[in-house]
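What follows is a short report on a single structure.
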2 protein chains.
Amino acid sequence: MTGPVPVEILADPPRAASGKILGREPRSLRWTAYARKSMDSTRGQVATVAKGMEGDGTPVPQRLLAAATRLFAEQGYDRTSVQEIVEAAGVTKGALYHYFGSKEDLLQEVYARVLRLQQERLDAYANADAPIERRLRDAAADVVVTTIDNLDDAAIFFRSMHHLSPEKNKQVRLERRRYHERFRALIEEGQRTGVFSTATPADLVVDYHFGSVHHLSTWYRPGGPLSRQEVADHLADLLLRALRP
Amino acid sequence: MTGPVPVEILADPPRAASGKILGREPRSLRWTAYARKSMDSTRGQVATVAKGMEGDGTPVPQRLLAAATRLFAEQGYDRTSVQEIVEAAGVTKGALYHYFGSKEDLLQEVYARVLRLQQERLDAYANADAPIERRLRDAAADVVVTTIDNLDDAAIFFRSMHHLSPEKNKQVRLERRRYHERFRALIEEGQRTGVFSTATPADLVVDYHFGSVHHLSTWYRPGGPLSRQEVADHLADLLLRALRP
DNA sequence: CCCGGCAGACTAACCAGTCGGTATGTGGTC
DNA sequence: GACCACATACCGACTGGTTAGTCTGCCGGG
């Protein structure tokens, strides 16, 4: 198992404080900064930029994120070692810790990404110009489709959220809450205008629907008898039917 | 942190093969055997039996299982060390590995227990002598109540199932499937007799309902505005309303 | 006197994160 | 247009700490 350990670097007098600008905590911000600068990558590339991209042309941070997402979903957060992630991404630990402050930061970024996406889409559907039934139905079906498109993220989301440190967990919960409340507002709007039944509190209806959405990753398999759109339509129908007065 | 480490046992000549009856694999069966012999414990106890019971009078295997359940739910399977479990149960590793073959066996037993319980209750409600609407409603509400009564088990179930080895995972899935199918049969019966809508495949309806049930541990907090019975009634109502023709 | 029930020191493996180091690029300066 | 200063991007051996599971041995009852 433990191969030969060549001892080569032993003497090293010129140590002490050299450059070393960002010694401790600003590390976890590096990826965020990077992401802001080159957000939608791969699109507006200027050819000369070949740095940090291997074969596929995807920048290292994205590759790391993709590898981590897949591995976290397959084996769980705790069972995935940093070593596995960097190997899957074709780099080394040095690269990972260059862009991310910790393994946990990687997990948080996975959450942040999927939350941003879903919030955007929900807002678009919810603020559309259409009758409330239509808006709710479209939003409910859309979240199913995008969840199926990112089943890995969904699996990670509901299985590994509790692995986040208290502060990060709180932050994710907060964003999650915003999403929940926007959805609930749709139902309450329909209840006020008499389109939906008021028999069940809107909060509970939201949890009912999203419970099933989160569990898609448990039972839905691409290539099964139902397409994602069919599943989405059915689940949206169930929700709407449950809300009929 | 690391206290003094007294080195006392150093000399130890008389080693070699002693008793050692069940050296390798039959280990994981010990608990099962134990459980069968003293199943409903604490009830028909003959007073003289004080072995292995501390203060509270609960036998060691049960105490271990209870401690493991709580800790797995609180921190997750991987983040709970067997050291923590045995300390919470007031014993040592020797005791744990005397009754259980591995940490994983502990997890599996948690599953097996909750599955047995829920299957029993479902069968009772499903085979009752009542109209199908009533039977489905009662079964749907009951699973909510018992899930709330064992929120820890539910949390472990949907967060840690993938930590089981493939074989054990398959076994749990199989039992889970039986449960699912009994529930689905109820819905199909109602669909055949025209009491329920056939717009949505029964399979999907089951997943819809159980998705929300599994996620109770995410949002339900005892002491909240709704009692477990109220939540159960609402969720059962939602299901029945979604099934109206 | 033997055996189930249990104690607790010990081991072998693993793993997140660190740190000194190299390679490549970029901007300023004479 | 060669030279220097400095920064970014990344490499990979190493450290300190943790952990599941083992093993020897003690103890009390039948």
Side-chain angles (χ1 to χ4, degrees), chain A residues 1-24 27-28 30 33-34 37 48-54 59-61 63-64 77-87 89-106, chain B residues 1-2 5-24 27-28 30 33-34 37 48-54 59-61 63-64 77-87 89-106:
Chain A
M1 283 298 179
T2 40
V5 184
V7 182
E8 296 163 334
I9 309 159
L10 282 174
D12 183 21
R15 42 172 54 264
S18 45
K20 200 65 83 48
I21 301 176
L22 23 76
R24 270 290 90 69
R27 265 261 289 296
S28 50
R30 277 187 243 166
Y34 182 101
K37 275 195 291 188
T48 51
V49 184
K51 189 61 175 298
M53 328 219 169
E54 206 166 78
V60 170
R63 290 216 313 269
L64 283 165
Y77 177 75
D78 281 319
R79 308 212 139 172
T80 304
S81 69
V82 172
Q83 194 57 42
E84 284 178 286
I85 298 172
V86 298
E87 271 166 24
V91 293
T92 62
K93 283 191 175 188
L96 192 153
Y97 284 98
H98 179 70
Y99 290 108
F100 299 91
S102 66
K103 186 185 173 187
E104 207 189 351
D105 281 6
L106 224 42
Chain B
M1 286 295 180
T2 42
V5 185
V7 183
E8 296 163 332
I9 309 162
L10 282 173
D12 182 25
R15 42 173 53 265
S18 46
K20 197 66 81 46
I21 302 175
L22 21 77
R24 272 285 92 70
R27 265 262 289 295
S28 50
R30 275 189 245 164
Y34 183 101
K37 275 196 292 188
T48 52
V49 185
K51 191 62 174 298
M53 327 220 167
E54 206 166 80
V60 170
R63 290 217 312 270
L64 283 165
Y77 177 76
D78 281 317
R79 302 185 109 101
T80 303
S81 68
V82 301
Q83 194 58 42
E84 283 178 287
I85 298 172
V86 298
E87 272 166 24
V91 292
T92 62
K93 282 192 173 186
L96 192 154
Y97 284 98
H98 180 70
Y99 290 109
F100 299 91
S102 65
K103 185 184 174 187
E104 207 189 354
D105 281 6
L106 224 42

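Naming convention: chains lettered A, B, ... in sequence-line order (proteins, then strands); numbering from 1 in each chain. For the numbers below, each heavy atom of this structure counts, side chains included, while hydrogens, waters and symmetry mates do not.
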CD of E87(B) versus P of dT18(D): gap in Å, rounded? 13 Å
Between dC14(C) (P) and R79(A) (CZ): distance, integer Å: 14 Å
Here the distance between atom C1' of dC14(D) and atom OH of Y97(A), to the nearest Å, is 14 Å
Side chain of V91(A) only, heavy atoms from C-beta on: which candidate in dG17(C), dA7(C), dC11(D) is closest? dC11(D)
Can you measure from OH (Y99(B)) to CZ (R63(B)) and round to the nearest 0.5 angstrom? 9.5 Å
Where the side chain of V60(B) is concerned, which of dC6(C), dC10(D), dA7(C) is the nearest nucleotide? dC6(C)
Hey, what bend do you get for the helix from dC1(C)-dG30(D) to dC30(C)-dG1(D) if you fit axes on five pairs at each end, rounded to 10°? 10°
Of V82(A) and L96(B), the one whose closest DNA chain C nucleotide lies more 5': L96(B)
Could you give the CG-to-P distance, from D105(A) to dA16(C), as a whole number of Å? 14 Å
Answer yes or no: is there a side-chain heavy-atom contact under 4.5 Å between V82(A) and Y97(A)? yes
Which atoms form the tightest heavy-atom contact between K103(B) and T80(B), and what is the distance? NZ-O, 2.7 Å
So among V91(B), V86(B), V60(B), which one has a side chain to side chain contact (heavy atoms under 4.5 Å, CB included) with L96(B)? V86(B)
Closest heavy-atom contact between Q83(B) and K93(B)? OE1-CE, 3.5 Å
Whole-Å distance, D78(B) CG to dA20(D) P, equals 9 Å
Would you find a donor on one side and an acceptor on the other, under 3.5 Å apart, between the side chain of E84(B) and the backbone of S81(B)? yes
Separation of dA16(C) atom P from E84(A) atom CD, nearest Å, is 9 Å
If you only use heavy atoms from C-beta on, which nucleotide in dT8(D), dA20(D), dC11(D) is closest to the side chain of A95(A)? dC11(D)
side-chain N/O K93(B) vs dG8(C) OP1/OP2, d < 4.0 Å: no
Determine the contact category for S81(A): base if any of its heavy atoms lies under 4.0 Å from a base atom, sugar-phosphate if only primed atoms, P, OP1 or OP2 are that close, otherwise nothing. sugar-phosphate
Interatomic distance where NE2 belongs to H98(A) and P belongs to dT18(C) [whole Å]: 15 Å
Rounded to whole Å, OH of Y99(A) lies from C1' of dC10(D) at a distance of 8 Å
